[in-house]
Structures are given as structure tokens and as C-alpha cells.
J.: 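Encoded as C-alpha cells, here's the structure I'll be asking about.
The figures that follow rest on heavy atoms only: side chains count, while hydrogens, waters and symmetry mates do not.
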2 protein chains.
Amino acid sequence: MAKSTNPDTPMAVKQRGVTMKDVAKHAGVSRTAVSFVLSNRENASISEETRTRINDAVQELGYRPNAGARALASRRSDWYGIVTEIVTAPFAVDIIKGAQDQAWLDRRFLLIAPSDQADAVGPNEGLEDAATEKLLEQRVEGLLYAATFHRGVHVPESANEVPTVLINCFDADGKLPSIVPDERGGGRVAVERLLQAGHTRIGVINLDPVIPAAVGRLEGAREALAAAGLELDPELVVSGYATADGGYDAACQILDRYPQKERPTALFCLNDRMAMGAYDAIKERGLTIPGDIAVIGFDNQELIAAYLRPKLTTVALPFEKMGALGVQTLAALTAGQPILADQQLVDCPLLERSSV
Amino acid sequence: MAKSTNPDTPMAVKQRGVTMKDVAKHAGVSRTAVSFVLSNRENASISEETRTRINDAVQELGYRPNAGARALASRRSDWYGIVTEIVTAPFAVDIIKGAQDQAWLDRRFLLIAPSDQADAVGPNEGLEDAATEKLLEQRVEGLLYAATFHRGVHVPESANEVPTVLINCFDADGKLPSIVPDERGGGRVAVERLLQAGHTRIGVINLDPVIPAAVGRLEGAREALAAAGLELDPELVVSGYATADGGYDAACQILDRYPQKERPTALFCLNDRMAMGAYDAIKERGLTIPGDIAVIGFDNQELIAAYLRPKLTTVALPFEKMGALGVQTLAALTAGQPILADQQLVDCPLLERSSV
DNA sequence: TCCGGGAAGTAACGCGCGTTACCAACGTAG
DNA sequence: CTACGTTGGTAACGCGCGTTACTTCCCGGA
């Protein structure tokens, strides 16, 4: 790329937009009157006649307010910023959708800044800081941080200058409000569903046991079993890589370890990708789903769950709802209202399909 | 939700940020001098000494420029707007990623406005208009329109007020520059790959035959065959719903129609979801992939292609590249530079995995 | 007749910054 | 000594808009 010698060349077409002054002149009133009418001030005394005259002028001239100028004068920008690696790793992109939709309904704009950009100094070195800084330069009224998977994070210092909410992650220092999925509840409903279908011997294909998702989901599974007077057989829990291959290997282990009588009749896969691999292991052995083995997943990755055959019953991560709730929480914070709790858990609902 | 009686309550913390005036006072110079230093004006005569004094003051006070005010004064916002349904239908979310990354590299912000919002009048009624309008109020310097799948679209009138580029779609009226995937080239490389592997009898699982993707990909397939002196047997082309089930049904038709000798040895599935279904049909019949039947897909939906077993060889849609190219094209347009062509085709590269 | 008070509107300031025009001091050439 | 360019700045205007203080007019009551 050639370095521009003059970065200031304003060659862009300068389409001098119509301003309030133009509207005022066209309607034969003062700019103040126009401002009053457009901002619907209740205590402003403008006669109905001039009001319509102004509105007509707005229509005729195609006036469009200048959001930036308004922000400058009113000292409120109607912008939230969201810092996220999701743009790059789109697994949890529904967070953005939920946040975006909610922001749009509130007539606010969501400025998205990536937290894992290539022009960084080192790997993960000051990226979020740069993103945060950029957003603050835009005078966002609040900040959101969103992660692709449930985990602890550190947010830049400067985030403290403005209300901040974490989505699908939590502050390792425990100061900031956060919105996270109720992993435990999800694990519980999954196993409850299997129990309800008559399964008592349930294999679990586990994730890396230290991540919050694994901890919570497994705990939920234990709770559900306990409520039915059962215990989780440690031998039936096998961890693997969070991939289809990992799920395949783990499922093979579980399925081949026992004679048919003792073989589990159901598998709780802690994510859908592993369930995908488990499907293959099951089918390879001439077994049917859900006839011989019921399978339940987690995450509800649409592209997998809805297209596996049979379609996968799974527990959904409420990405969209978390995004929306994040914006709502932020709106409350910026309005000075108290928020419900420092950590809000969002339900992980069961999605019935055909694998149980 | 209780309706706020006074929408103006500015309860948000008004953290009066430090301005250039503060910096100037702290450094003992005029605000103008600060402005000159910060904007790196070449022809400004500021001594090295005061320059460092100002920079020091900036550091000490933690000055952060106000992007909105700068935009107002300089009449350039450094913002692009992108109108897209992708936020809602995340299939092609990589377009946003590509655009976002490129914009970030150019030190610009991408304002994302959804084109399929719930608060609309009717279905698809004036949504894009509202989104476009909102973006223009923000004084974006250019507009992008992105579609989830390759198709013709109509853009709102007001888009003409500002440079505009279409991504993964094209203007039905043919006026606006657009960036679209080279579907034909993709179809060609897919079939070339099959030919190279020795397959001459190739079944095609087709999409709805009228959509641009189907037309282009099929045309490419024909070209590749023609170059090898072969023709596409119309009987081997069967259309189905663009789902795993559709692919399953279509594959069953093709596989069951012929005795083993005449059965095609390869399937070109025009998208990965259908390939997913085809996998099942093939496996059900006790056939192996790629041993008995080679399969090649299209779209490279990572969650499918990379996790099917065996992993699916497919042709990638260059979403990310299209997004980046869209922003680059827009940058050229806003800079008044000529663009390369009205319609830019982006390569659809073959992704070798294990199904051929 | 005068006065008080609401109705209808306007002038003017400031938000934070880019930018242009201007000014003072200091050489240096004629 | 005057003229004139150069260096190192500063004063002041305007971007488009929100907002406050102020003015003018009219009407009803005393």
C-alpha cells in the first residue's frame, strides 16, 4: 500500500446537507423554533400553525438531523460500544444480534470494536485497550464486553470511566455486572429430560473439566441425578477435545467399555460438536438414535443440531437473550437506575428435537 | 416497562472529559497550538519544545479527543454504515468480519444497522429505508449493503446521497458497484477437482435452479466438464430443498436410480447442508466416502464441513474477502478515486479436506 | 386606564474542535 | 534604516444543534 502523502485531501463529495437554519428560513421562523418543534419540547409554546409550517418545511427540504452535532450539544450520544472477539470468532454472534436488536429498539447505536485485531503489537497485547480507547473517543455512553465462550476476563482500566456490562463472561476481579448463561440449570434440564425418558445409566462426554461451562453443566447433571436418587458414575464421565473427533473418541470409549447389558442407554454430550462425533460412533456400531442410545447435546449450534439426522435434542445457550439483557442492563446503569444483581444468570432452555 | 415521564432526565454521570482547552491551559499555550500538534499539521510552525510540552500535557491529563466534535468541525466522520440482514441470519457473518477488520485498519468505524427489524410496519416494509435513514443521520461517509445469500436487491433511494457498495448482492437496476462471489469459477474448480480424481460420472445435487448461486455453479460445472470433453447428464442433476433432508432425498434418488456399474462415483452438492444429507444417504447404503462415492460441497460452512466425518472437501464462499473488498471499494469511492469495475468477482477457492 | 401574565417566539451562548486570518519578533538583504 | 521573509505562535469564526434568557404581543381583570 502506498503511503498517502497528504492524508488531508478531502476529495470526498461534500454534499452540504440541509440544516435547521435552512428549514427555519424556508418556514420563515427562527432556528430555535425549529429546534423546539423537532425535539418535541412540551413546555415550548409554538402555535399549531407554525408547527405544521415547520414540519412541512422539514418534509419539503428533506431535512435530516445531524446526530453528531446533536450529541455534541446535548452531551449525550445515544451510542453504546461493544468490545468483542465475536466478530472474528462468530460462534456466539447471536450476542451481537440480541444486543443490536435491543439497542435499535431503544433508538441507540451499537459501535462494534474487535478485540483481536491484526495490527496489534503482540498477540493479545493491548488490543482491548485500543478498542476501548477508540470507543471512548466516540463518547459512547456505556460499554459492553462479550466473549465467545463463558470465561473470566480482565477489562481495561479505562472501562471504569463509563457504565460497563460483561456478556458471556465475568470480571475476574468481580467488580463489574455480568450476564452469563445458567450452565448448571442447563445441565440439570438435560439430564432431567433423559431421566424422564427412562434412562438411568447415562454417559457424559465432558469438556475440559476446568472451564466454567464444564463445571456448571456437570454440576447440574449431578443435581438432576441426585434428585432422582441416583449418582453420577465417574467411570461414565470421559473428557475429550471439544470437537467432533473428540466426541467420537469419547463415545467409542464409553460404548466399547461395557457388555451390552451395562452399556449406558444415553449420552449427555457437553457440546454439540462432540455430539456430532458421538453420532458417528453410535451409527458405526449399528446402533440407532434414539432407539438404542439417546443423545442430548449442549449449545444448540443450529448448523449442527438442526441438520444432524436424527435432529439433535440439545440445550440452547441464550446468546441472543444475553445480548439483549446486556443492553437493557446498560440502559438501566446509564439512566442511574439500580440493577438487579451483579451477576445475572440466563436460562438455558431445552430444545426438543429427535435424539431422545 | 414504565413509561418515563421525562425523557430528558440526564441522570447519567456527566464525567466532564478533559478538552483541548484544558490541555492548552496546562501546557501554557493556546488551544490552536494544541490542535495543530495533535493533528500533526506539517506546515504548522510549532517549536519542538512546545510540541513536547503539549504532548506531555496530553499524557498527564489523559486527554482523549472527542470524535463527534472533530467530525462536526472537519465535516468528515470516518464512519461507514452497513445495512444488513446478516445480524439476524448469521450465515454470512464473515462479511461483517471482513468489513469490520478492514475498516478498523483504515481507522474507521462501521455502523451496523439491521435491515430486518421487528418494529417495522409490515414484513420487509421500509426497513432498509429506516436503517439507511438512521445511518445517514450519523453522517456516514459511505454505505454498504450486505445480503446473506447472493441475490438481486433494491436499495433505498436515499442511498444515492452517499457512495454505496453492495456486497454479496447486486443492484437489480444495475447502477451500483457490487462485490459478488465468482460462483461459476467455484463450480468449475469443484468439478475439475473431481475430474482430476478420476471421476467422470458425476451427480449434481442442485439448489433451486433460478437463484444466481445455482445458475453460476452449474454453469461452472458444465464448463469444467466441457473442457474435459464431457457433458453434464441432465438425469444426474436433481434439485432439492437447500437442507440436509433435501440433500438426503436427492442423493437417494441419484444413488438408487442406477445399477452399481452406472452409478455416479461422485456427487457435487451445491451447498454443504445438502452434502451433509448426502453423507447419510451414502453411509446408509454401506458405501464409503470417498472410496465408493466422492463428495464435494459448496459454501464451506465450517461447522458442517470441518466436522463431518470424513471432513468435507468444499468450495468456500469468500465472505470475509468480500467484506474487506467492499470497504476498500468504498474507501476508493469516498476518496474520489475510480473503482476497478462495477461488478467485482471474488474467487471461490477449493478447500481440500477428505471427501474426495 | 393600567397592570399582570400567559402565549409565541427569538437572540445569544456554548458544546469541542478544525481552520483561516492575523500578529509579534527576529533575522537578513538592500 | 527600511523592507521583507520566516519562525512561532494566537484570536476568532464556524460546524449544527440544545438550551436559557429575553422580548413582544395580546387579553382579561381591577
Side-chain angles (χ1 to χ4, degrees), chain A residues 6-10 12 14-54 57-58 61-78 136-139 141, chain B residues 6-10 14-25 27-54 58 61 63-78 136-139 141:
Chain A
N6 181 0
D8 290 327
T9 37
K14 283 289 171 352
Q15 30 133 31
R16 300 250 321 92
V18 9
T19 76
M20 287 182 66
K21 199 159 71 177
D22 303 326
V23 174
K25 194 182 305 174
H26 192 266
V29 297
S30 72
R31 201 186 53 70
T32 308
V34 178
S35 176
F36 282 174
V37 168
L38 289 187
S39 51
N40 262 326
R41 287 173 61 105
E42 301 168 2
N43 53 346
S45 51
I46 305 282
S47 73
E48 203 51 45
E49 192 229 317
T50 61
R51 188 180 299 272
T52 63
R53 214 166 63 236
I54 289 175
V58 165
L61 271 59
Y63 168 74
R64 180 156 38 220
N66 182 320
R70 187 197 310 245
L72 182 58
S74 66
R75 257 149 299 181
R76 28 180 310 152
S77 64
D78 287 347
L136 289 176
E137 286 185 10
Q138 307 291 332
R139 294 302 187 270
E141 293 184 2
Chain B
N6 180 0
D8 291 326
T9 37
K14 282 290 171 356
Q15 31 135 28
R16 299 251 320 92
V18 10
T19 75
M20 287 183 63
K21 198 158 72 176
D22 303 326
V23 174
K25 195 181 305 176
V29 296
S30 73
R31 200 187 53 71
T32 309
V34 178
S35 176
F36 284 173
V37 168
L38 290 186
S39 52
N40 262 326
R41 288 173 61 103
E42 301 169 0
N43 52 345
S45 52
I46 306 281
S47 72
E48 203 52 44
E49 192 229 316
T50 60
R51 187 180 300 270
T52 63
R53 216 168 60 239
I54 289 174
V58 166
L61 272 60
Y63 168 73
R64 182 159 34 223
N66 182 319
R70 187 195 309 242
L72 182 58
S74 66
R75 257 147 296 179
R76 27 178 309 150
S77 64
D78 287 349
L136 288 176
E137 285 184 10
Q138 306 291 332
R139 294 303 187 268
E141 293 184 1

J.: In Å and rounded to the nearest 0.5 Å, what is the CZ to CE distance from R31(A) to M20(A)?
T.: 5.5 Å
J.: Report the residues that fulfil side-chain hydrogen bond (donor to acceptor under 3.5 Å, both in side chains) with Q138(A), sequence neighbours left out, ordered by chain and then residue number.
T.: W79(B)
J.: Mind checking salt bridge (charged side-chain N to carboxylate O under 4.0 Å, His left out) for R70(A) and listing every partner two or more places apart, or none if nothing turns up?
T.: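 Residues passing salt bridge (charged side-chain N to carboxylate O under 4.0 Å, His left out) with R70(A): none at all.
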J.: By nearest atom, which of the nucleotides dG9(C), dT19(D), dG16(C) is closest to the L72(B) side chain?
T.: dG16(C)
J.: For the pair made of CD1 in I54(B) and P in dG9(D), what is the distance, rounded to whole Å?
T.: 8 Å
J.: In whole angstrom, give the distance that lies between atom CG of N40(A) and atom P of dT19(D).
T.: 13 Å
J.: Under a plain distance cut-off of 3.5 Å, with no hydrogens placed, do S35(A) and T32(A) share a side-chain donor-acceptor pair?
T.: no
J.: Sequence neighbours left out, what passes side-chain contact (heavy atoms from CB on, under 4.5 Å) with A69(B)? Give chain and number order.
T.: L72(A), N66(B)
J.: Once you round it to whole Å, what is the distance between C1' of dC15(C) and CZ of R70(B)?
T.: 16 Å
J.: Whole-Å distance between dC17(C) P and R41(B) CZ?
T.: 16 Å
J.: What I want to check is whether an N or O donor and acceptor connect the side chain of T19(B) with the base of dG16(C) at under 3.5 Å.
T.: no
J.: Classify S47(A) by what it touches in the nucleic acid, base, sugar-phosphate, or nothing, heavy-atom distance under 4.0 Å.
T.: sugar-phosphate
J.: Using the test salt bridge (charged side-chain N to carboxylate O under 4.0 Å, His left out), find all partners of R53(B) that sit at least two apart in sequence or belong to another chain.
T.: E49(B)
J.: Hey, does the side-chain of S45(A) have a donor or acceptor N/O within less than 3.5 Å of a partner on the base of dA7(C)?
T.: no
J.: Walk me through whether Y63(A) and L38(A) qualify under side chain to side chain contact (heavy atoms under 4.5 Å, CB included).
T.: CA-CA 11 Å; Y63(A) 168 74; L38(A) 289 187; 3.3 Å; yes
J.: Specify the separation, in whole Å, of atom CG of L136(B) and atom P of dG16(D).
T.: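 Whole-Å distance recorded here is 16 Å.
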J.: On DNA chain D, does the nearest nucleotide to A69(B) precede the nearest nucleotide to G28(B) from the 5' side, or the other way round? Give the residue.
T.: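 First, find each residue's nearest nucleotide; the 5'-ward one identifies G28(B).
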J.: Under 4.0 Å between a side-chain N/O of S39(B) and OP1 or OP2 of dC17(C), yes or no?
T.: no
J.: Given atom NZ of K25(A) and atom C1' of dT10(C), what is their separation to the nearest angstrom?
T.: 17 Å
J.: Quick check on the helix from dT1(C)-dA30(D) to dG30(C)-dC1(D): what's the angle between its two end axes, five base pairs per end, to the nearest 10°?
T.: 70°
J.: Select from Y63(B) and V29(A) the residue whose nearest nucleotide in DNA chain C is closer to the 5' end of that strand.
T.: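 Checking each residue's closest nucleotide, the 5'-ward one belongs to V29(A).
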J.: What is the distance from CZ of R139(B) to C1' of dC17(D), rounded to the nearest Å?
T.: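 After rounding, the reported distance stands at 11 Å.
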J.: Can you name the nearest heavy-atom pair linking V23(B) to I54(B), along with the distance?
T.: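 Nearest pair, atom of V23(B) first, then I54(B): CG1-O, 4.2 Å.
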J.: What is the distance from CZ of R51(A) to P of dA8(C), rounded to the nearest Å?
T.: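 From R51(A) CZ to dA8(C) P: 10 Å.
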J.: Distance check, rounded to the nearest 0.5 Å: E141(B) atom CD versus S77(B) atom OG?
T.: 4.0 Å
J.: Hey, does the side chain of R75(B) come within less than 4.0 Å of dC15(D)'s phosphate (OP1/OP2), counting only N and O?
T.: no
J.: Can you spot which of T50(B), D22(B), T19(B), V29(B) makes a side-chain contact (heavy atoms from CB on, under 4.5 Å) with V34(B)?
T.: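 So, applying the side-chain contact (heavy atoms from CB on, under 4.5 Å) to V34(B) and each of T50(B), D22(B), T19(B), V29(B), only V29(B) qualifies.
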J.: Please check the phosphate of dC17(C) (OP1 and OP2 only) for any side-chain N or O of S74(B) closer than 4.0 Å.
T.: no
J.: Could you go through nucleotides 11-13 of chain D and list every protein N or O atom that sits under 3.5 Å from one of its N or O atoms, giving the distance for each pair?
T.:
from, atom 1, to, atom 2, distance (Å)
dA11(D), N7, T32(B), OG1, 3.4
dA11(D), N6, T32(B), OG1, 2.9
dA12(D), N6, T32(B), OG1, 3.4

